[in-house]
Student: 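Got a structure for you, written out below as structure tokens; questions coming shortly.
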Number of protein chains: 2
Amino acid sequence: MEVSAVFEVLALPARQAIVERLREGPATVGELAGALGLSQPLASKHLRVLRDCGFVSVRADAQRRWYELRPEPLREVDRWLEPYRWMWEERLDRLGDRLDAMARHEDEEE
Amino acid sequence: MEVSAVFEVLALPARQAIVERLREGPATVGELAGALGLSQPLASKHLRVLRDCGFVSVRADAQRRWYELRPEPLREVDRWLEPYRWMWEERLDRLGDRLDAMARHEDEEE
DNA sequence: ATGGTATATAACTGAGGGGGTATGCAATGG
DNA sequence: CCATTGCATACCCCCTCAGTTATATACCAT
């Protein structure tokens, strides 16, 4: 799974909200739609995208569909982030490398 | 800065590639366009978006514009990810909380 | 059977944005 | 000065995709 696809999924606030809501535990389509102010078809469509990207798994219970968050896509983001962490994490080694970077950061943004 | 805006920026492979390229150090528009196979106007447009989101800062040097990667937006992603890390990080505490989650994960995806 | 509930999907529409081409503009080097 | 380089922006087209409405399907209750 391409990490840019993961970013694309999270780029929409609605889908991001679904992911955040599912952190509390599994939920049905109706619950998600109600909690987030989405129409039922729209919630289903977003969940379809999330499902295709591995963000959620589904479990059938009568007519209900219980959606549950899965770790893998977010873990991919975490891995993708790894080579950038030196930029903000304080570490005693590599300190020298950061000094000139800090010097360049003296002029702030617009 | 909204984190979904950060995700939206990274959703495009071209912009993600620019970010990855800038990890090696500052670069000019022409260098980025050449290295990534983008037209110059397109590179400028993407860099404009990256700039508006705080991903990069610019430094003028004659006609050249040196773009440099800034940590803040990626750091925001890192922070956003924090409450999800328990899902894949192995920790001796909280182990009990994860057992039922593992049990639910026994049925695999499609 | 029948009506109601829960969800998925199809068809449609509108807007946003990526990408191209053309142009403007500043700074440089003869 | 004048041509060139480096970059930004304006304008345009087109395609994708979010969101709506309507419908199909499956399951439950009585």
Side-chain angles (χ1 to χ4, degrees), chain A residues 1-22 25-69 109-110, chain B residues 1-22 25-69 73 107 109-110:
Chain A
M1 181 66 57
E2 206 64 52
V3 70
S4 61
V6 177
F7 286 135
E8 194 178 346
V9 166
L10 297 173
L12 251 77
R15 285 198 288 251
Q16 187 186 318
I18 291 178
V19 168
E20 289 176 356
R21 178 59 171 67
L22 287 180
T28 67
V29 179
E31 288 173 0
L32 291 169
L36 306 177
L38 306 173
S39 69
Q40 176 267 311
L42 186 54
S44 282
K45 273 175 70 171
H46 284 316
L47 286 166
R48 180 77 162 108
V49 175
L50 288 165
R51 193 171 181 279
D52 290 343
C53 255
F55 271 90
V56 297
S57 60
V58 204
R59 186 173 59 84
D61 165 35
Q63 326 103 328
R64 307 281 178 88
R65 297 286 180 272
W66 289 94
Y67 283 85
E68 183 181 10
L69 195 57
E109 54 253 281
E110 48 196 351
Chain B
M1 182 63 58
E2 205 64 52
V3 70
S4 60
V6 177
F7 286 135
E8 193 178 347
V9 166
L10 295 172
L12 251 77
R15 287 198 288 251
Q16 188 185 319
I18 291 179
V19 169
E20 290 177 354
R21 177 62 170 66
L22 288 179
T28 68
V29 179
E31 288 173 0
L32 291 169
L36 306 178
L38 307 174
S39 70
Q40 176 268 312
L42 186 54
S44 282
K45 275 173 71 171
H46 284 316
L47 285 166
R48 180 77 163 110
V49 176
L50 288 165
R51 193 171 182 284
D52 291 342
C53 255
F55 272 92
V56 296
S57 59
V58 204
R59 185 172 60 86
D61 166 34
Q63 325 104 329
R64 307 282 178 88
R65 297 286 180 272
W66 289 94
Y67 283 87
E68 181 181 11
L69 196 56
D107 43 355
E109 53 254 283
E110 51 192 349

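Keep in mind that what you see is a predicted model, and the values were worked out from it rather than measured. Letters A, B, ... are given to chains in the order of the sequence lines, protein chains preceding strands, and every chain is numbered from 1.
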Student: What is the distance from atom NZ of K45(B) to atom OG of S39(B), rounded to the nearest 0.5 Å?
Tutor: 9.0 Å
Student: What nucleotide among dC28(D), dA18(D), dT9(D) has an atom nearest to a side-chain atom of Q63(A)?
Tutor: dC28(D)
Student: Between R48(A) (CZ) and dA10(C) (C1'), how many Å, whole number?
Tutor: 13 Å
Student: Any side-chain heavy atom of L47(A) within less than 4.5 Å of one from L50(A)?
Tutor: yes
Student: Would you tell me if any nitrogen or oxygen in the side chain of Y67(B) comes within less than 4.0 Å of OP1 or OP2 on dA8(D)?
Tutor: yes
Student: Which of residues 8-15 of chain A have a heavy atom under 4.0 Å from DNA chain C?
Tutor: none
Student: For L36(B) and A14(B), which heavy atoms make the closest approach, and how far apart are they?
Tutor: CD1-O, 4.4 Å
Student: Give one of base, sugar-phosphate or nothing for S39(A), where a contact means two heavy atoms less than 4.0 Å apart.
Tutor: sugar-phosphate
Student: Whole angstroms only, please: what is the CG-P distance between L42(B) and dC7(D)?
Tutor: 14 Å
Student: Do T28(B) and D61(B) make a side-chain contact, defined as non-hydrogen atoms from C-beta onward lying under 4.5 Å apart?
Tutor: no
Student: Let me know the distance between NE2 of H46(A) and P of dT9(C), rounded to the nearest Å.
Tutor: 15 Å
Student: Mind calculating the distance between CD1 (I18(B)) and P (dG18(C)) to the nearest angstrom?
Tutor: 11 Å
Student: How long is the line joining CD of E31(A) and P of dT5(C), in whole Å?
Tutor: 16 Å
Student: Flag the pair Q40(A) / S44(A) as yes when at least one side-chain heavy-atom distance between them is below 4.5 Å, and no otherwise.
Tutor: yes
Student: What is the distance, to the nearest angstrom, from the CG atom on L47(A) to the P atom on dA18(D)?
Tutor: 13 Å
Student: Can you tell if the side chain of V3(A) reaches within under 4.5 Å of the side chain of Q16(B), non-hydrogen atoms only?
Tutor: yes
Student: Which nucleotide wins on minimum distance to the side chain of R65(A), given the candidates dT9(C), dT7(C), dA8(D)?
Tutor: dT7(C)
Student: Rounded to the nearest Å, what distance is computed from the CZ atom of residue R64(B) to the P atom of nucleotide dT4(D)?
Tutor: 17 Å
Student: Which nucleotide in the list dA18(D), dT7(C), dA27(C) gets nearest to the side chain of K45(A)?
Tutor: dA18(D)
Student: In terms of the nearest nucleotide of DNA chain D, which residue is placed more toward the 5' end: T28(B) or D61(A)?
Tutor: T28(B)
Student: Below 3.5 Å, does any donor atom in the side chain of Q40(A) face an acceptor in the base of dA6(C), or the other way round?
Tutor: no
Student: Check the side chains of S4(A) and E8(A) for a donor-acceptor pair under 3.5 angstrom, ignoring hydrogens and angles.
Tutor: no
Student: Roughly how many Å is it from CG in D52(B) to P in dT9(D), rounded to a whole number?
Tutor: 9 Å
